[in-house]
Amino acid sequence: MVDNFNKEDRFSRISILFSFVVLAVGGLFGIIQLLNRTPYFPKFIDASTYYLVLTGHGVLLAIAWTAFFIMGVGVILVTRETGLGVNSFLLNLSLILSLIGTLMAAAAILSGNATVLYTFYAPLYAHPIFYIGAALLIFGTWIYAVAIFQVYLRWRKLNPGKGAPLATLGVVTTLIIWLEATPILVIDVLKNFIPMSIYKMPVDALEARTLFWYFGHPLVYFWILPAIAFWYYGLPRLLGTKLFSVKMAKVAYILFILVSTPVGLHHQLVDPGASDIAKFIHVIFTYVVASPSLLTAFNVTATLIKAGRERGGKGLFGWIVKLPWDNPIFAAIGFSIILFGMGGISGIINASYVLNYVVHNTIWIVGHFHLTVATAATLTFMGASYLIIPMLFNKNIKSVYLARLQPYLWFIGMFIFSLAYHIGGVFGAPRRTYDVLYGGLIPKEWIYTLGIGAVGGIVFWVSGVIFIIQMLLTLSRGTRLSKQIDIKFTPMDYEVSRPSILDRLGIWIIIAALLIFIGYSIPLYDLYTRGLAPYPPISPFGGKV
Amino acid sequence: MAEGKIFTEKVWIIMIISTLIAFTVILGVLAEAISYTGPSAVCPVKYVELNEKIKPGVKQLSLGVYEVTIIGRQWAWTPNNITLKNPRKIIFKVASEDVLHGFEIAGTNVNVMVIPGYVAVITWTPPKDMEGTYIILCNEYCGIGHQSMYGTLTIVRG
């Protein structure tokens with residue numbers, strides 16, 4: 001079975017190995033940045049290098065690491081679960097485009113020609129290669145989406161009496177959300193950024209920013225959903241039990257499809273010129289989009305309780321100790337779920353606009369997304385790697401002890417880091433800055449929280465280094481697998497019984513489009529009817545371009 | 001078992017829905033109570049008319065009520081150091097001449113995006129006992145001199 005998907009597995013191997021390279025570089029940028037922005041730590045880089053590193057950290061980890069890992073793991077999940085192959089021409093084409101695009105954007109950043117951070121707010125100027133690279137990466141992912149949709153539709157056709165399989169449905173949901181979000185970003189890039197960059201065309205900053213955040217929030221579900229799909233699919237198989245509720249999992253997927261997009265204005269709650277009513281609608285939708293996360297928290301916890309009890313756990317908390325915490329795959333997922341819960345809570349606080357203006361653009365936000373994308377997604381992907389890498393490369397994980405330690409270090413480090421950064425944010429410490437001393441005016445709370453945060457950051461960075469070394473050792477020195485990995489990949493009967501309205505994605509996509517219309521018609525109408533205010537492009541190094 | 005499961009599911013779903021409704025209501029009521037409407041804006045202000053429309057400086061409108069107009073540019077606020085005596089209410093008008101900036105008075109609720117072409121207008125009622133010097137900083141990346149874009153707000157009582 002495992003050897004039937006040679007071409008698909010080659011795609012996954014390249015994609016995942018590239019994502020590890022990106023993770024290593026992005027992580028290195030992370031530690032440079034962390035130490036440099038800690039008060040009274042000796043500055044070892046200048047400001048322009050700092051912002052270059054910060055741009056690299058954001059673009060490489062938030063976009064490239066996640067996208068390439070997700071594409072790789074998506075193909076594995078879909079092929080193994082459905083038993084069907086993926087069109088290899090489309091896969092290869094998508095891989096080539098995405099790689100070229102990423103390398104172009106990376107070259108622009110590393111050569112100091114795109115020091116605009118990962119949000120590249122207009123009218124900050126970057127070299128055209130940066131925007132063209134970003135657009136190519138997105139085109140690549142679209143082709144990938146087509147290839148996966150083909151498989152999904154074929155499976156549905158071949159299995160008329162069955163509901164959609166869970167992991168494949170998760171990957172398909174992820175890609176639907178991606179396709180809801182990215183066309184607007186591409187329009188933004190083609191209409192605003194590329195002309196700004198090539199012809200020095202003036203750009204309306206609020207328009208560019210609104211279109212960016214139309215994309216920017218669904219992006220987070222693009223990171224999180226594959227992780228959640230892996231929990232739904234992987235946890236029961238890992239623990240030899242059943243998922244608590246398949247129906248609830250599908251409801252969660254659909255809620256993500258419905259409301260992941262008309263929420264972007266919660267990134268713009270303190271923007272002048274964006275309508276208050278639209279902001280309130282987006283806040284309500286944000287609360288609604290918190291519900292599938294809460295459903296997921298319930299569903300996976302209930303599954304864990306069930307598994308723990310089946311293993312003889314007694315009483316209210318006895319199930320916890322019966323779970324296989326010495327298994328790095330499980331530990332990584334378990335810790336991801338715990339920190340995702342914390343991140344969810346701080347996310348609801350961000351969306352609550354009376355609270356948001358205390359924490360907007362402070363290190364609170366940095367603490368928040370390190371719990372979500374940098375833990376719920378990243379740590380889950382690391383756990384998944386302990387399963388997938390042996391399968392893809394036919395090698396045993398080298399040094400099981402290091403592998404066991406790694407998720408614990410990540411959890412402890414991230415817990416300290418994010419807690420300290422959340423608290424520092426409440427005291428107003430700004431994010432995205434080279435220096436927080438402000439000529440000695442720095443409040444002492446910032447010194448403490450950033451200092452403690454740095455300790456946590458070092459701990460989870462070490463965990464990341466261990467992960468990368470681990471993977472290098474496994475690939476170079478790992479012994480051959482003695483037996484096939486003992487997991488039933490194809491859907492279990494209970495997972496695909498009875499198709500229902502939850503499996504009819506077309507209906508939900510139409511409703512999603514309607515909700516996006518409700519959410520975005522007011523702000524865009526306001527923006528375009530009152531007239532735009534284009535301003536000329538400005539160099540990040542100062543002055544007009 | 002199956003019935004118990006469905007019951008647990010239902011309880012959880014009801015909890016989620018009621019929590020989120022409660023959040024929405026509390027948020028709406030809170031916003032009403034502190035009359036928080038988010039920043040308003042003078043917009044659009046065309047690039048060429050910025051300097052005639054926006055004159056930076058501090059004006060006292062009536063006793064304790066100030067209007068403070070500030071322009072942000074790479075990499076300074078103008079005016080940079082502001083001293084206010086017994087302020088009850090401050091109306092900030094903040095404009096950008098070039099790129100996005102973020103206007104934050106650290107340790108207060110003053111935190112607003114400054115978007116070129118869209119002059120942010122916010123009203124702030126500082127706590128009655130608040131005095132001393134606070135950092136006014138830029139909290140949105142605006143180029144490599146971003147960290148040096150700061151000033152002070154000094155509140156004097158008496």
Side-chain angles (χ1 to χ4, degrees), chain A residues 47-48 51 115 117 121 123-124 202 204-206 209 244-245 248 268-273 276 279 283-284 287-288 290-291 294-295 298 302 348 352-354 357-358 360-362 427-436 438-439 441 443 530-536 538-543, chain B residues 5 8-9 12-13 16-17 19-20 23-24 27-28 30-31 34 36-47 74-75 96 98-100 102 104-122 133 135 137-148 150 152:
Chain A
S48 60
Y51 294 114
T115 307
L117 306 197
Y121 291 135
L124 269 183
D204 183 283
L206 183 64
R209 182 173 154 80
F244 180 77
S245 169
M248 209 182 218
Q268 298 178 266
L269 291 174
V270 296
D271 276 19
D276 283 330
K279 283 176 186 170
V283 166
I284 294 173
Y287 287 162
V288 179
S291 60
L294 293 168
L295 288 175
F298 175 78
I348 289 176
S352 307
Y353 55 87
V354 288
Y357 63 133
V358 177
H360 178 79
N361 269 353
T362 66
F427 286 104
R431 65 186 281 206
R432 296 184 150 180
T433 183
Y434 173 64
D435 189 2
V436 287
Y438 294 107
L441 291 168
R530 77 179 158 223
L532 297 175
Y535 275 51
I538 300 286
S539 163
F541 303 99
Chain B
K5 179 186 142 181
T8 328
E9 267 181 358
W12 181 254
I13 290 170
I16 291 176
I17 294 173
T19 313
L20 297 178
F23 281 178
T24 312
L27 191 68
L30 261 182
I34 61 172
Y36 175 78
T37 51
S40 57
V42 182
C43 66
V45 178
K46 300 243 154 38
Y47 183 63
Q74 287 176 327
W75 290 289
S96 166
D98 42 34
V99 293
L100 246 60
E104 175 184 333
I105 302 177
T108 73
N109 291 342
V110 178
N111 191 341
V112 65
M113 294 302 300
V114 186
I115 302 175
Y118 298 79
V119 181
V121 182
I122 49 169
T133 299
I135 313 172
L137 56 87
C138 175
N139 71 12
E140 186 55 82
Y141 172 69
C142 55
I144 60 160
H146 169 53
Q147 66 286 342
S148 47
Y150 67 93
T152 56

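No experiment lies behind these values; they were computed from the predicted model shown. Letters A, B, ... mirror the listed sequences (proteins, then strands); counts begin at 1.
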*Asks:* With a 4.5 Å cut-off on side-chain heavy atoms, are A:Met248 and A:Phe298 touching?
*Replies:*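 The answer is yes; the side chains approach within 4.5 Å.
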
*Asks:* Only pairs of heavy atoms separated by less than 4.5 Å count here; which of A:Pro534, A:Gly543, A:Ser245, A:Ser539 has the most with chain B?
*Replies:*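 Counting heavy-atom pairs under 4.5 Å, the top option is A:Ser245.
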
*Asks:* Applying side chain to side chain contact (heavy atoms under 4.5 Å, CB included), name anything that partners A:Thr433, two or more places apart in sequence or on another chain.
*Replies:*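 Partners of A:Thr433 under the side chain to side chain contact (heavy atoms under 4.5 Å, CB included) test: A:Arg37, A:Tyr51, A:Pro430, A:Val436, A:Tyr438, B:His146, B:Gln147.
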
*Asks:* Below 4.5 Å, heavy-atom pairs only: which of A:Gly542, A:Ala290, A:Pro202 has the largest tally toward chain B?
*Replies:*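 So the answer, after comparing A:Gly542, A:Ala290, A:Pro202, is A:Gly542.
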
*Asks:* In a table with atom names and distances, give each donor-acceptor pair under 3.5 Å that connects a side chain of residues 111-119 of chain B to protein atoms at least two apart or in another chain.
*Replies:*
from     : atom 1 : to       : atom 2 : distance (Å)
B:Asn111 : OD1    : B:Asn139 : ND2    : 3.1
B:Asn111 : ND2    : A:Tyr357 : O      : 3.3
B:Asn111 : ND2    : A:His360 : O      : 2.8
B:Tyr118 : OH     : A:Asp204 : OD1    : 3.3
B:Tyr118 : OH     : A:Asp204 : OD2    : 2.7

*Asks:* Can you tell which part of A:Ile284 gets under 4.5 Å to a heavy atom of chain B, answering side chain, backbone, both or neither?
*Replies:*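 Just the side chain, heavy atoms under 4.5 Å.
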
*Asks:* Hey, is the main chain of B:Cys142 close enough, under 3.5 Å, to the side chain of B:Gln74 for a donor-acceptor pair?
*Replies:*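 Yes, because the side chain of B:Gln74 sits within donor-acceptor range (under 3.5 Å) of the backbone of B:Cys142.
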
*Asks:* Mind ranking B:Thr133, B:Val45, B:Val42 by heavy-atom pairs under 4.5 Å with chain A and telling me who comes out on top?
*Replies:*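 Most pairs with chain A among the choices: B:Val45.
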
*Asks:* Can you check whether A:Ser352 reaches B:Phe23 side chain to side chain, under 4.5 Å on heavy atoms?
*Replies:*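 No - every pair of side-chain heavy atoms lies 4.5 Å or more apart.
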
*Asks:* Name the region of B:Glu104, side chain, backbone, both or neither, that has any atom closer than 4.5 Å to a heavy atom of chain A.
*Replies:*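 Contact with chain A involves the side chain of B:Glu104 alone.
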
*Asks:* Which one wins on heavy-atom pair count under 4.5 Å against chain B: A:Gly273, A:Pro536, A:Gly428?
*Replies:*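 The candidate making the most pairs under 4.5 Å is A:Pro536.
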
*Asks:* Who among B:Cys43, B:Gly28, B:Pro44 has the most heavy-atom pairs with chain A under 4.5 Å?
*Replies:*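 Max contact count across the listed options: B:Pro44.
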
*Asks:* Quick one: does A:Gln268's side chain get under 4.5 Å of A:Leu206's, heavy atoms only?
*Replies:*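 A side-chain contact exists here, since the closest heavy-atom pair is under 4.5 Å.
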
*Asks:* Select, from A:Asp271, A:Thr362, A:Thr115, A:Val283, the one with the greatest count of heavy-atom pairs under 4.5 Å involving chain B.
*Replies:*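 Ranked by contacts with chain B, first place is A:Asp271.
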
*Asks:* Among B:Val121, B:Val110, B:Asn109, who wins on heavy-atom pairs under 4.5 Å with chain A?
*Replies:*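 Option with the top pair count is B:Asn109.
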
*Asks:* So do B:Val99 and A:Tyr535 actually touch side chain to side chain, heavy atoms under 4.5 Å?
*Replies:*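 A side-chain contact under 4.5 Å is absent here.
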
*Asks:* Answer yes if the ring centres of B:Tyr141 and A:Tyr121 are under 6.0 angstrom apart, and no otherwise.
*Replies:*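 No, they do not, as the ring centres are separated by 6.0 Å or more.
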
*Asks:* Is chain A contacted by the side chain of B:Ser148, its backbone, both, or neither, given a heavy-atom distance below 4.5 Å?
*Replies:*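 Neither; nothing under 4.5 Å.
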
*Asks:* Looking at A:Leu124, A:Val358, A:Val288, which has the largest count of heavy-atom pairs under 4.5 Å with chain B?
*Replies:*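 Going by pairs under 4.5 Å, I would pick A:Leu124.
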
